[in-house]
**Student:** 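Next up is a structure, given as C-alpha coordinates.
Throughout, numbering of the chain's residues begins at 1 and tracks the sequence. Any value given below was found using the heavy atoms of this structure, including those in side chains, with hydrogens, waters and symmetry copies removed. Small disclaimer: the values here were computed from a predicted structure and weren't measured.
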Amino acid sequence: MSREAYGVLIGVIVLIAVFLPTKFFLIALVFLTFLISRELTSVLNLRGFQYLSPFLFLSGVVSPTLTLTFSSLVSLYYGYRSWSLENFFKAFFLSLYPSLFLVYLFFVKEVGTKFLLVYVISFWINDVFAYYVGKKYGKTPLFPKISPKKTLEGFLGGYLPAVVFMSLALPFDRLYSFFVALLTVFMGVVGDYFKSFIKRQLGIKDFSKVLGEHGGFTDRFDAVVFAAPLYYFLIQGAR
(Lines give C-alpha, C1' and ligand atoms only; values in the text may rest on other atoms or scores of the structure.)
Protein backbone atom coordinates (compact mmCIF):
# COMPACT_ATOMS: atom_id res chain seq x y z
CA MET A 1 0.00 0.00 0.00
CA SER A 2 1.00 3.63 -0.43
CA ARG A 3 2.18 5.81 2.46
CA GLU A 4 -1.19 7.60 2.43
CA ALA A 5 -3.19 4.35 2.50
CA TYR A 6 -1.16 3.05 5.43
CA GLY A 7 -1.64 6.40 7.16
CA VAL A 8 -5.42 6.25 6.80
CA LEU A 9 -5.53 2.65 8.02
CA ILE A 10 -3.37 3.45 11.06
CA GLY A 11 -5.53 6.50 11.76
CA VAL A 12 -8.77 4.51 11.70
CA ILE A 13 -7.36 1.84 14.03
CA VAL A 14 -6.04 4.46 16.45
CA LEU A 15 -9.38 6.30 16.49
CA ILE A 16 -11.20 3.07 17.28
CA ALA A 17 -8.75 2.44 20.13
CA VAL A 18 -9.18 5.98 21.49
CA PHE A 19 -12.95 5.49 21.83
CA LEU A 20 -12.74 2.03 23.38
CA PRO A 21 -13.95 1.61 26.97
CA THR A 22 -11.09 2.15 29.40
CA LYS A 23 -10.43 -1.53 30.14
CA PHE A 24 -10.24 -2.40 26.44
CA PHE A 25 -8.01 0.61 25.80
CA LEU A 26 -5.74 -0.78 28.51
CA ILE A 27 -5.53 -4.09 26.63
CA ALA A 28 -4.69 -2.23 23.41
CA LEU A 29 -1.85 -0.42 25.19
CA VAL A 30 -0.50 -3.70 26.57
CA PHE A 31 -0.41 -5.02 23.02
CA LEU A 32 1.26 -1.84 21.71
CA THR A 33 3.84 -2.04 24.49
CA PHE A 34 4.70 -5.57 23.42
CA LEU A 35 4.94 -4.62 19.72
CA ILE A 36 7.22 -1.63 20.31
CA SER A 37 9.33 -3.57 22.79
CA ARG A 38 9.70 -6.46 20.33
CA GLU A 39 11.09 -4.09 17.68
CA LEU A 40 13.50 -2.46 20.13
CA THR A 41 14.53 -5.79 21.61
CA SER A 42 15.36 -7.07 18.15
CA VAL A 43 17.60 -4.16 17.13
CA LEU A 44 19.24 -3.90 20.57
CA ASN A 45 19.80 -7.65 20.73
CA LEU A 46 18.26 -8.13 24.17
CA ARG A 47 16.51 -11.45 23.75
CA GLY A 48 13.24 -12.10 25.54
CA PHE A 49 12.74 -8.63 26.95
CA GLN A 50 9.54 -8.04 24.98
CA TYR A 51 7.75 -10.55 27.23
CA LEU A 52 8.62 -8.51 30.31
CA SER A 53 7.42 -5.19 28.89
CA PRO A 54 3.66 -5.80 29.32
CA PHE A 55 4.27 -6.75 32.96
CA LEU A 56 6.29 -3.55 33.50
CA PHE A 57 3.54 -1.56 31.83
CA LEU A 58 0.83 -3.05 34.06
CA SER A 59 2.94 -2.41 37.16
CA GLY A 60 3.09 1.23 36.08
CA VAL A 61 -0.69 1.38 35.83
CA VAL A 62 -0.77 0.43 39.51
CA SER A 63 2.03 2.89 40.30
CA PRO A 64 4.86 4.32 38.13
CA THR A 65 7.10 3.87 41.17
CA LEU A 66 6.64 0.11 40.88
CA THR A 67 7.87 0.18 37.29
CA LEU A 68 10.97 2.09 38.35
CA THR A 69 11.61 -0.47 41.08
CA PHE A 70 11.13 -3.46 38.79
CA SER A 71 13.22 -1.75 36.10
CA SER A 72 16.18 -1.71 38.44
CA LEU A 73 15.79 -5.41 39.17
CA VAL A 74 15.34 -6.37 35.53
CA SER A 75 18.34 -4.28 34.49
CA LEU A 76 20.50 -5.92 37.12
CA TYR A 77 19.41 -9.36 35.91
CA TYR A 78 20.30 -8.65 32.27
CA GLY A 79 23.55 -6.94 33.21
CA TYR A 80 24.63 -9.72 35.55
CA ARG A 81 23.63 -12.54 33.22
CA SER A 82 25.85 -11.19 30.42
CA TRP A 83 28.23 -9.34 32.77
CA SER A 84 27.78 -6.30 30.54
CA LEU A 85 27.21 -2.68 31.55
CA GLU A 86 25.90 -2.08 28.03
CA ASN A 87 23.16 -4.69 28.45
CA PHE A 88 22.40 -3.29 31.90
CA PHE A 89 21.64 0.14 30.39
CA LYS A 90 19.82 -1.35 27.41
CA ALA A 91 17.51 -3.20 29.78
CA PHE A 92 16.94 -0.10 31.88
CA PHE A 93 16.09 1.91 28.76
CA LEU A 94 13.65 -0.75 27.55
CA SER A 95 12.06 -0.90 31.00
CA LEU A 96 11.10 2.75 30.72
CA TYR A 97 10.52 3.13 26.99
CA PRO A 98 7.91 2.17 26.05
CA SER A 99 6.53 0.52 29.21
CA LEU A 100 6.50 3.46 31.63
CA PHE A 101 5.89 6.16 29.00
CA LEU A 102 2.81 4.41 27.62
CA VAL A 103 1.29 4.20 31.10
CA TYR A 104 0.63 7.94 30.87
CA LEU A 105 -1.54 7.46 27.79
CA PHE A 106 -3.76 5.28 29.97
CA PHE A 107 -3.80 7.99 32.64
CA VAL A 108 -4.81 10.56 30.01
CA LYS A 109 -7.64 8.26 28.92
CA GLU A 110 -8.82 8.10 32.53
CA VAL A 111 -8.91 11.90 32.68
CA GLY A 112 -11.13 11.92 29.60
CA THR A 113 -11.37 10.55 26.08
CA LYS A 114 -11.56 14.09 24.68
CA PHE A 115 -8.08 14.86 26.05
CA LEU A 116 -6.68 11.73 24.43
CA LEU A 117 -8.40 12.55 21.13
CA VAL A 118 -7.00 16.10 21.08
CA TYR A 119 -3.55 14.71 21.85
CA VAL A 120 -3.60 12.14 19.05
CA ILE A 121 -5.05 14.49 16.42
CA SER A 122 -2.48 17.16 17.27
CA PHE A 123 0.36 14.81 16.43
CA TRP A 124 -1.35 13.69 13.24
CA ILE A 125 -1.54 17.33 12.19
CA ASN A 126 2.11 17.81 13.07
CA ASP A 127 3.23 14.71 11.18
CA VAL A 128 1.19 15.37 8.03
CA PHE A 129 2.00 19.07 7.71
CA ALA A 130 5.68 18.59 8.61
CA TYR A 131 6.06 15.88 5.98
CA TYR A 132 4.43 17.73 3.10
CA VAL A 133 5.70 21.21 3.94
CA GLY A 134 9.19 19.84 4.40
CA LYS A 135 8.98 17.88 1.18
CA LYS A 136 7.92 20.93 -0.84
CA TYR A 137 9.65 23.84 0.89
CA GLY A 138 12.32 22.28 3.10
CA LYS A 139 15.79 23.77 2.57
CA THR A 140 17.31 24.34 6.01
CA PRO A 141 18.48 21.18 7.82
CA LEU A 142 17.87 21.12 11.56
CA PHE A 143 19.96 18.19 12.83
CA PRO A 144 21.40 16.55 9.71
CA LYS A 145 23.46 14.01 11.66
CA ILE A 146 20.29 12.70 13.30
CA SER A 147 17.72 13.13 10.54
CA PRO A 148 19.14 14.40 7.22
CA LYS A 149 15.75 14.98 5.57
CA LYS A 150 14.16 16.95 8.42
CA THR A 151 14.23 20.72 7.90
CA LEU A 152 13.39 23.90 9.77
CA GLU A 153 10.62 24.61 7.27
CA GLY A 154 9.11 21.17 7.84
CA PHE A 155 9.35 21.56 11.60
CA LEU A 156 7.56 24.93 11.59
CA GLY A 157 5.04 23.71 9.00
CA GLY A 158 3.95 20.92 11.33
CA TYR A 159 4.57 22.46 14.72
CA LEU A 160 2.59 25.69 14.29
CA PRO A 161 -0.74 24.22 13.05
CA ALA A 162 -0.53 21.44 15.66
CA VAL A 163 -0.03 24.01 18.44
CA VAL A 164 -2.92 26.12 17.14
CA PHE A 165 -5.24 23.11 17.00
CA MET A 166 -4.37 21.87 20.48
CA SER A 167 -4.65 25.39 21.93
CA LEU A 168 -8.16 25.80 20.55
CA ALA A 169 -9.30 22.26 21.35
CA LEU A 170 -8.27 22.08 25.01
CA PRO A 171 -10.97 23.26 27.46
CA PHE A 172 -8.67 25.35 29.63
CA ASP A 173 -7.96 29.04 29.89
CA ARG A 174 -6.72 30.09 26.46
CA LEU A 175 -3.26 31.11 27.67
CA TYR A 176 -2.76 27.88 29.61
CA SER A 177 -4.03 25.81 26.67
CA PHE A 178 -1.45 27.54 24.47
CA PHE A 179 1.24 26.78 27.04
CA VAL A 180 0.25 23.09 27.15
CA ALA A 181 0.20 22.87 23.35
CA LEU A 182 3.53 24.65 22.97
CA LEU A 183 5.33 22.26 25.32
CA THR A 184 3.50 19.06 24.40
CA VAL A 185 3.93 19.30 20.63
CA PHE A 186 7.56 20.33 21.07
CA MET A 187 8.19 17.29 23.27
CA GLY A 188 6.64 15.12 20.57
CA VAL A 189 9.11 16.52 18.04
CA VAL A 190 11.91 15.78 20.50
CA GLY A 191 10.58 12.24 20.69
CA ASP A 192 10.96 11.93 16.94
CA TYR A 193 14.61 13.00 17.13
CA PHE A 194 15.13 10.78 20.17
CA LYS A 195 14.07 7.78 18.11
CA SER A 196 16.07 8.94 15.08
CA PHE A 197 19.24 9.29 17.15
CA ILE A 198 18.95 5.66 18.23
CA LYS A 199 18.43 4.55 14.63
CA ARG A 200 21.47 6.47 13.39
CA GLN A 201 23.63 4.95 16.13
CA LEU A 202 22.42 1.49 15.12
CA GLY A 203 22.76 2.18 11.39
CA ILE A 204 19.15 1.34 10.51
CA LYS A 205 16.49 3.25 8.59
CA ASP A 206 13.43 1.94 10.45
CA PHE A 207 12.82 -0.33 13.41
CA SER A 208 10.76 -2.62 11.16
CA LYS A 209 8.82 -2.57 7.88
CA VAL A 210 5.50 -3.79 9.25
CA LEU A 211 3.78 -0.46 8.47
CA GLY A 212 5.31 0.07 5.04
CA GLU A 213 6.83 3.53 4.51
CA HIS A 214 5.85 4.44 8.06
CA GLY A 215 8.36 1.90 9.37
CA GLY A 216 7.47 0.04 12.54
CA PHE A 217 5.35 0.75 15.59
CA THR A 218 8.32 2.43 17.27
CA ASP A 219 8.67 4.76 14.29
CA ARG A 220 4.97 5.54 13.98
CA PHE A 221 4.20 6.19 17.65
CA ASP A 222 7.44 7.89 18.71
CA ALA A 223 5.96 11.35 19.40
CA VAL A 224 2.80 10.01 21.02
CA VAL A 225 4.79 7.82 23.40
CA PHE A 226 7.48 10.35 24.27
CA ALA A 227 5.26 13.33 25.07
CA ALA A 228 2.62 11.42 27.08
CA PRO A 229 4.09 11.94 30.59
CA LEU A 230 4.44 15.70 30.07
CA TYR A 231 0.96 16.05 28.57
CA TYR A 232 -0.61 14.18 31.48
CA PHE A 233 1.27 16.34 33.99
CA LEU A 234 0.16 19.55 32.26
CA ILE A 235 -3.52 18.68 31.96
CA GLN A 236 -3.54 17.52 35.56
CA GLY A 237 -2.07 20.86 36.55
CA ALA A 238 -5.10 22.67 35.14
CA ARG A 239 -7.69 20.60 36.98
**Student:** Report the relative orientation of the aromatic rings in Phe34 and Phe31; use parallel for angles under 30°, tilted for 30 to 60°, perpendicular for over 60°.
**Tutor:** parallel
**Student:** Which label fits Tyr80 and Trp83: parallel for a plane angle under 30°, tilted from 30 to 60°, or perpendicular past 60°?
**Tutor:** perpendicular
**Student:** Please name the pair of heavy atoms, one in Phe101 and one in Ala228, separated by the smallest distance, quoted to 0.1 Å.
**Tutor:**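 Minimum heavy-atom separation between Phe101 and Ala228: O-CB, 3.8 Å.
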**Student:** List the atom of Ala17, the atom of Phe25, and the distance in Å for their closest heavy-atom pair.
**Tutor:** O-CD1, 3.2 Å
**Student:** When you look at Tyr119 and Ile235, which way does the side-chain contact (heavy atoms from CB on, under 4.5 Å) test go after all the steps?
**Tutor:** CA-CA 11 Å; Tyr119 182 73; Ile235 63 175; over 6 Å; no
**Student:** Could you tell me if Arg81 sits above the aromatic ring of Tyr78, with its cationic atom closer than 6.0 Å to the ring centre and no more than 45 degrees from the axis?
**Tutor:**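 Yes - Arg81 lies over the ring of Tyr78, closer than 6.0 Å to its centre and within 45° of its axis.
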**Student:** Apply side-chain contact (heavy atoms from CB on, under 4.5 Å) to Val118 and list each qualifying residue two or more places apart in sequence or on a separate chain.
**Tutor:** Ser122, Phe165, Met166, Ala169, Leu170, Tyr231
**Student:** Might you work through the side-chain hydrogen bond (donor to acceptor under 3.5 Å, both in side chains) test for Ser167 and Ser177, ending with a clear yes or no?
**Tutor:** CA-CA 5 Å; Ser167 299; Ser177 293; over 6 Å; no
**Student:** Check whether any side-chain N or O of Asp219 sits under 3.5 Å from a backbone N or O of Phe207 as a donor-acceptor pair, and report yes or no.
**Tutor:** yes
**Student:** With ring-ring contact (aromatic ring centres under 6.0 Å, His included) as the test, pick out the partner of Phe172 among Phe115, Phe179, Phe178.
**Tutor:**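 It is Phe115, the one option of Phe115, Phe179, Phe178 that forms the ring-ring contact (aromatic ring centres under 6.0 Å, His included) with Phe172.
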**Student:** List the residues meeting side chain to side chain donor-acceptor pair (under 3.5 Å) with Glu86, not counting sequence neighbours, and say none if there are none.
**Tutor:** Lys90
**Student:** Among residues at least two apart in sequence or on other chains, which ones pass side chain to side chain donor-acceptor pair (under 3.5 Å) with Ser37?
**Tutor:**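 Ser37: side chain to side chain donor-acceptor pair (under 3.5 Å) contacts with Ser53.
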**Student:** Listed by chain and number, what are the side-chain contact (heavy atoms from CB on, under 4.5 Å) partners of Phe24, not counting sequence neighbours?
**Tutor:**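 Only Leu20, Pro21, Ile27 meet the side-chain contact (heavy atoms from CB on, under 4.5 Å) criterion with Phe24.
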**Student:** Rounded to the nearest 0.5 Å, what separates atom OG1 in Thr41 from atom CD1 in Ile36?
**Tutor:** 11.5 Å
**Student:** Does anything in residues 17-40 pair up under salt bridge (Lys or Arg N to Asp or Glu O under 4.0 Å), and if so which pairs, sequence neighbours excluded?
**Tutor:** none
**Student:** According to a hydrophobic-cluster definition based on side-chain heavy atoms being under 4.5 Å apart (Ile, Leu, Val, Met, Phe, Trp, Tyr only), do Leu117 and Val111 belong together?
**Tutor:**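 Yes, it is one cluster - the side chains of Leu117 and Val111 are joined through contacts under 4.5 Å.
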**Student:** Please tell me whether Tyr104 and Val190 are part of a single hydrophobic cluster in this structure, the criterion being side-chain heavy atoms less than 4.5 Å apart.
**Tutor:** yes
**Student:** Quick one: are Phe49 and Leu44 in side-chain contact, heavy atoms under 4.5 Å?
**Tutor:** no
**Student:** Look up atom CG in Leu58 and atom CG in Leu26, then write down how far apart they are to the nearest 0.5 Å.
**Tutor:** 6.0 Å
**Student:** Using the test salt bridge (charged side-chain N to carboxylate O under 4.0 Å, His left out), find all partners of Lys109 that sit at least two apart in sequence or belong to another chain.
**Tutor:** none
**Student:** So, for Leu46 and Asn87, which heavy atoms are closest and what is the spacing to 0.1 Å?
**Tutor:** CD1-OD1, 3.8 Å
**Student:** Are there over 12 heavy-atom neighbours, none belonging to Phe194, within less than 6.0 Å of that residue's CZ?
**Tutor:**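 For Phe194, atom CZ is crowded (more than 12 foreign heavy atoms under 6.0 Å).
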**Student:** Do Phe89 and Val74 share a hydrophobic cluster, counting only Ile, Leu, Val, Met, Phe, Trp and Tyr and linking them when any side-chain heavy atoms are less than 4.5 Å apart?
**Tutor:** no
**Student:** Which heavy atom of Leu234 sits nearest to which heavy atom of Tyr176, and what is that distance?
**Tutor:** O-OH, 2.6 Å
**Student:** Looking at residues at least two apart in the chain, or sitting in another chain, which of them share a ring-ring contact (aromatic ring centres under 6.0 Å, His included) with Tyr159?
**Tutor:**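 Once residues adjacent in sequence are excluded, the partners of Tyr159 under the ring-ring contact (aromatic ring centres under 6.0 Å, His included) criterion are Phe155.
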**Student:** Just jot down the salt bridge (charged side-chain N to carboxylate O under 4.0 Å, His left out) partners of Asp206, sequence neighbours excluded, or say none.
**Tutor:** Lys199, Lys209
**Student:** Looking only at heavy atoms, what is the nearest atom pair of Val163 and Ala181, with distance?
**Tutor:**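 Nearest heavy atoms, Val163 then Ala181: O-CB, 3.5 Å.
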**Student:** To the nearest 0.5 Å, tell me how far Leu100 CG sits from Leu68 CG.
**Tutor:** 5.5 Å
**Student:** With no hydrogens and no angle check, do the side chains of Glu153 and Thr140 hold a donor and an acceptor under 3.5 Å apart?
**Tutor:**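 Yes, side-chain donor-acceptor contact under 3.5 Å.
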**Student:** Parallel, tilted or perpendicular: which fits the ring planes of Phe221 and Phe217, with parallel below 30° and perpendicular above 60°?
**Tutor:** parallel
**Student:** By side-chain contact (heavy atoms from CB on, under 4.5 Å), which residues pair with Val62, not counting sequence neighbours?
**Tutor:**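 Val62 satisfies side-chain contact (heavy atoms from CB on, under 4.5 Å) with Leu66 only.
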**Student:** Just verifying a value: how many Å separate Ser75 OG and Phe70 CZ, rounded to the nearest 0.5 Å?
**Tutor:** 13.0 Å
**Student:** Once you round to the nearest 0.5 Å, how far does OG1 of Thr33 lie from CG of Leu102?
**Tutor:**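 Thr33 OG1 to Leu102 CG: 4.5 Å, rounded to 0.5 Å.
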**Student:** Kindly determine whether Asp127 and Arg220 satisfy side-chain contact (heavy atoms from CB on, under 4.5 Å), including the steps that lead there.
**Tutor:** CA-CA 10 Å; Asp127 287 348; Arg220 181 64 273 172; 2.5 Å; yes
**Student:** Group every Ile, Leu, Val, Met, Phe, Trp and Tyr by side-chain heavy-atom contacts under 4.5 Å, then state whether Phe123 and Leu182 land in the same group.
**Tutor:**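 Per the 4.5 Å side-chain linkage, Phe123 and Leu182 are co-clustered.
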**Student:** Can you give me the closest heavy-atom contact between Lys195 and Asp192, atom names plus distance?
**Tutor:**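 In terms of heavy atoms, the two residues are closest at NZ-OD1, 3.0 Å.
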**Student:** Rounded to the nearest 0.5 Å, how far does CG of Leu116 lie from CD1 of Ile121?
**Tutor:**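 Answer for the CD1-CG pair, Ile121 versus Leu116, is 10.0 Å.
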**Student:** Among all residues two or more places apart in sequence or in another chain, which pass the side chain to side chain donor-acceptor pair (under 3.5 Å) test with Ser63?
**Tutor:**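 If we apply the side chain to side chain donor-acceptor pair (under 3.5 Å) test to Ser63, skipping adjacent residues, there are no hits.
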**Student:** For Val164, give me all partners under side-chain contact (heavy atoms from CB on, under 4.5 Å), at least two apart in sequence or on another chain.
**Tutor:** Leu168
**Student:** So if you build clusters from Ile, Leu, Val, Met, Phe, Trp, Tyr with side-chain heavy-atom gaps below 4.5 Å, do Leu52 and Leu35 land together?
**Tutor:** yes
**Student:** Would you tabulate the side-chain donor-acceptor contacts of residues 142-149 under 3.5 Å, counting partners in other chains and residues two or more places apart, or write 'none'?
**Tutor:**
residue: Ser147; atom: OG; partner: Lys150; partner atom: NZ; Å: 3.3

**Student:** Quick one: sort the Phe92 and Phe88 rings into parallel, tilted or perpendicular, breaks at 30° and 60°.
**Tutor:** parallel
**Student:** State whether the number of non-hydrogen atoms from other residues, nucleotides or ligands found under 6.0 Å of Arg174 atom CZ is greater than 12.
**Tutor:**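 Above 12, so yes.
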